[in-house]
A.B. asks: 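Quick one: the structure is below, questions incoming.
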2 protein chains.
Amino acid sequence: MLPMKSRYALKALVFLARHQADGPIPVAGIAAAEAIPVKFLEAILLELRNSGILTSRRGPTGGYQLRVAPQTVHLGDVIRNLSGPMAPLPCLSKSAYHRCGECVDETTCAVRLLMADVHAATLRIVDGTTLAALVARVDAAASGEAEGQSQRCRPQEGPPSAKLDFID
Amino acid sequence: MLPMKSRYALKALVFLARHQADGPIPVAGIAAAEAIPVKFLEAILLELRNSGILTSRRGPTGGYQLRVAPQTVHLGDVIRNLSGPMAPLPCLSKSAYHRCGECVDETTCAVRLLMADVHAATLRIVDGTTLAALVARVDAAASGEAEGQSQRCRPQEGPPSAKLDFID
DNA sequence: TAAAATCCTACCGTAATGGTAGGAATTAGG
DNA sequence: CCTAATTCCTACCATTACGGTAGGATTTTA
């Protein structure tokens, strides 16, 4: 299960990406629009700011704003920042690796071999999708809704991305 | 994180698949070979038996044994049986669906659109891999270890599997 | 009948999750 | 300079899931 923290963060980021032009937006506004507990969202946006993806301004007319372009925000990094590594096994995490303890031989561990594929597939999606791409996809879902055409997730142009070095 | 319950189960099943010819194998034997807490494994194997994938015999010379062919055991079902549905969001689970509560419009929910892909990719792997295939892969890893050739997970012959209806 | 095994029920400590409470610091507008 | 709106920061807390353990009842073989 993706933790609420990450769910709320993604929702808030999509919202902020949509309202880039409107200047800083207060937490209360986002919370109301997305039905997220205010104080909880407050803490989440603070973390996102401390990790460099948001800017904030205090006082009246203050609020949060994207610091970087939505095209440069990789969703995997968002999830990682808030909820830690996503590896399904400790021995598959690059950033927080540690042996499984019970594992007799890591290179021939059945569980590891299976979950390595799962992990790789997950990373390819979450790290291969940017905030901009996600917003585009939501738009596509909104307009294509009637015709029922569910579209793919990566409408990103350019060469199929130069060897991303996925972390976790 | 894949729960220990499922990890242990997968290890035990691989072990049992390897020792199919040896008749029933007592819990203590598997636990010792795979470094799994005995009483915990006891409970796990019991569940696997109740779900129909293992047979048991009591008393001396008793133990556990595969009830079905390893080619028919889909690893996704094993995980589901022991640890419940794997959907990363409640609204993506077929077997335990329920709305996210905070979700304003489910069909245009950004989080859902993203995680749907992750979920699908995961199911394609865990439900597309059988116990037999996993054992084969471990063997491949064991022999290919020196040459360092990491091989793919599905050496299954036949057409690319007739529309599996993945559950969770 | 003794020993080896499965089977079953109950319990339990620890950590993570999903928040809430309360207030301090900053800033804009009047 | 005062007030109100906002971010920022520190604590706390209830509930649940996880990863087991304990103890014994039941079955079966030798």
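The figures here come from the full heavy-atom set of this structure, side chains too, leaving out hydrogens, waters and symmetry mates. In what follows, chains are A, B, ... by sequence order, proteins preceding strands, each numbered from 1. Just so it is clear, the structure is predicted and the values come from calculations on it, not from any experiment.
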A.B. asks: Applying side chain to side chain contact (heavy atoms under 4.5 Å, CB included), can you list everything that pairs with A87(B), at least two apart in sequence or on another chain?
C.D. replies: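 Expected list: L92(B), S93(B), H119(B), D168(B).
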A.B. asks: Are side-chain heavy atoms of E106(B) and C100(B) found at a separation under 4.5 Å?
C.D. replies: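 With C-beta onward as the side chain, the pair stays apart.
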A.B. asks: Tell me, please, which residues at least two apart from A31(A) pass side chain to side chain contact (heavy atoms under 4.5 Å, CB included).
C.D. replies: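 For A31(A) the side chain to side chain contact (heavy atoms under 4.5 Å, CB included) partners, ignoring immediate neighbours, are V38(A), L41(A).
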A.B. asks: So which protein N/O to nucleotides 12-18 of chain D N/O distances come out below 3.5 Å?
C.D. replies:
none

A.B. asks: Among all residues two or more places apart in sequence or in another chain, which pass the side-chain hydrogen bond (donor to acceptor under 3.5 Å, both in side chains) test with T107(B)?
C.D. replies: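 side-chain hydrogen bond (donor to acceptor under 3.5 Å, both in side chains) check on T107(B) returns E145(A), D105(B).
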A.B. asks: Can you pull out every ring-ring contact (aromatic ring centres under 6.0 Å, His included) where at least one residue sits in residues 36-57 of chain A? Sequence neighbours excluded, please.
C.D. replies: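 Those involving residues 36-57 of chain A are Y8(A)-F40(A).
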A.B. asks: Restricting to side-chain hydrogen bond (donor to acceptor under 3.5 Å, both in side chains), what partner residues turn up for T122(B), sequence neighbours left out?
C.D. replies: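 Here no residue qualifies.
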A.B. asks: If you look only at distance, which donor and acceptor atoms sit under 3.5 Å apart when one is on a side chain in residues 14-24 of chain A and the other is two or more places apart or in another chain?
C.D. replies:
residue : atom : partner : partner atom : Å
R18(A)  : NH2  : D139(A) : OD1          : 2.1
H19(A)  : ND1  : F15(A)  : O            : 2.9
Q20(A)  : NE2  : A17(A)  : O            : 3.3

A.B. asks: Return no unless some side-chain N or O of Y8(B) is found under 4.0 Å from OP1 or OP2 of dG20(D).
C.D. replies: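 Yes, because at least one side-chain N or O of Y8(B) sits under 4.0 Å from OP1 or OP2 of dG20(D).
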A.B. asks: Suppose we screen for side chain to side chain contact (heavy atoms under 4.5 Å, CB included). Which residues come up paired with A132(A), at least two apart in sequence or across chains?
C.D. replies: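 Partners of A132(A) by the side chain to side chain contact (heavy atoms under 4.5 Å, CB included) criterion, ordered by chain and then number, come out as P70(A), Q71(A), T130(A).
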A.B. asks: Quick one: side chains of residues 47-60 of chain A, donor-acceptor pairs under 3.5 Å with protein atoms, not counting sequence neighbours, listed by atom name and distance.
C.D. replies:
residue : atom : partner : partner atom : Å
E47(A)  : OE2  : K5(A)   : NZ           : 2.8
N50(A)  : ND2  : L46(A)  : O            : 3.4
S51(A)  : OG   : L48(A)  : O            : 3.1
R57(A)  : NH2  : T61(A)  : O            : 3.1
R57(A)  : NH2  : T61(A)  : OG1          : 3.2

A.B. asks: Distance under 4.0 Å to a non-hydrogen atom of chain A counts as contact; along DNA chain C, which nucleotides mark the start and end?
C.D. replies: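 Using the under 4.0 Å cut-off, the span is dG18(C) to dA28(C).
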A.B. asks: For DNA chain C, find the residues of residues 59-67 of chain B with a heavy-atom distance under 4.0 Å and give them by number; none if there aren't any.
C.D. replies: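 When residues 59-67 of chain B is checked for heavy atoms under 4.0 Å from DNA chain C, the hits, listed by number, are G59(B), P60(B), G63(B), Y64(B).
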A.B. asks: May I ask you to list the residues of residues 21-51 of chain B, by number, that have any heavy atom positioned under 4.0 Å from an atom of DNA chain C?
C.D. replies: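 P26(B), V27(B), K39(B), E42(B), L46(B), R49(B) - these, ordered by number, are the residues of the stretch whose heavy atoms sit under 4.0 Å from the strand.
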